[in-house]
Amino acid sequence: MSSTRLLKIKTGSLKRLVKDKDVYLMEAEEVKKRIENLKAKNADEWDIKKQASCIDFYEVLEETLDMLPGCDKRIAVAYEDLQNLLESKDPAFENTAELAEALQVLATSKPN
């Protein structure tokens, strides 16, 4: 496999993982808002549970939040892999769109 192809794959992988984490965070916020809206309507716990019987908001929220530590670990590994690949200073990377994209992704996706 060519080194530029490997660079493109590792860059895409890191981008996807960061996007996945963003989706989980958005989903968690959305579920929190639904729960707060039910509470703001002064619904008692029984009403909240009854309305959420089709979709257990608390369970969805818990599952979503449980995904975040795994995302962070995968992002850290992908970040390190991409960084190590770039540190190899392969001459095939010079002045390529793949290198520019990889540097941009590294700059915007530092792991926590």
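Hydrogens, waters and symmetry mates play no part in the numbers below; they use all other heavy atoms, side chains included. In this chain, residues are counted from 1 in sequence order.
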I need the [X] [atom1] to [Y] [atom2] distance, nearest 0.5 Å.
{"X": "Asp90", "Y": "Leu6", "atom1": "CG", "atom2": "CG", "answer": "9.5 Å"}
{"X": "Glu29", "Y": "Glu27", "atom1": "CD", "atom2": "CD", "answer": "11.5 Å"}
{"X": "Asp81", "Y": "Ser13", "atom1": "CG", "atom2": "OG", "answer": "8.0 Å"}
{"X": "Arg74", "Y": "Met67", "atom1": "CZ", "atom2": "CE", "answer": "5.5 Å"}
{"X": "Arg5", "Y": "Lys10", "atom1": "CZ", "atom2": "NZ", "answer": "12.5 Å"}
{"X": "Gln83", "Y": "Ser88", "atom1": "CD", "atom2": "OG", "answer": "12.0 Å"}

Going by heavy atoms in the side chains, are [X] and [Y] under 4.5 Å from each other?
{"X": "Leu7", "Y": "Leu82", "result": "yes"}
{"X": "Thr4", "Y": "Leu99", "result": "no"}
{"X": "Glu30", "Y": "Lys33", "result": "no"}
{"X": "Thr11", "Y": "Lys8", "result": "no"}
{"X": "Leu106", "Y": "Leu14", "result": "yes"}
{"X": "Val31", "Y": "Thr64", "result": "no"}

(Q) Quick check on the hydrophobic clustering: are Leu103 and Phe93 connected, directly or via other members, by side-chain heavy-atom contacts under 4.5 Å? (A)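 Looking at the clustering, Phe93 is in the same group as Leu103.
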(Q) I'd like to know if Met26 and Leu65 are part of one continuous hydrophobic network [Ile/Leu/Val/Met/Phe/Trp/Tyr, side-chain heavy atoms within less than 4.5 Å]. (A)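 Leu65 does not cluster with Met26.
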Closest non-hydrogen atom pair, [X] against [Y]:
{"X": "Pro69", "Y": "Asp66", "answer": "CD-O, 3.4 Å"}
{"X": "Ser109", "Y": "Tyr79", "answer": "O-CD1, 3.4 Å"}
{"X": "Leu86", "Y": "Ala102", "answer": "CD1-CB, 4.2 Å"}

**Q.** Pair Lys15 + Glu101, salt bridge at N-O below 4.0 Å
**A.**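 Salt bridge between Lys15 and Glu101, a charged N being under 4.0 Å from a carboxylate O: yes.
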(Q) My understanding is that only residues two or more places apart in sequence, or in another chain, count here; which of them pass side chain to side chain donor-acceptor pair (under 3.5 Å) with Asp72? (A)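 If we apply the side chain to side chain donor-acceptor pair (under 3.5 Å) test to Asp72, skipping adjacent residues, the hits are Lys21.
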Q: Check side chain to side chain donor-acceptor pair (under 3.5 Å) between Asp22 and all other residues, then give those that pass, not counting sequence neighbours.
A: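 Residues passing side chain to side chain donor-acceptor pair (under 3.5 Å) with Asp22: none at all.
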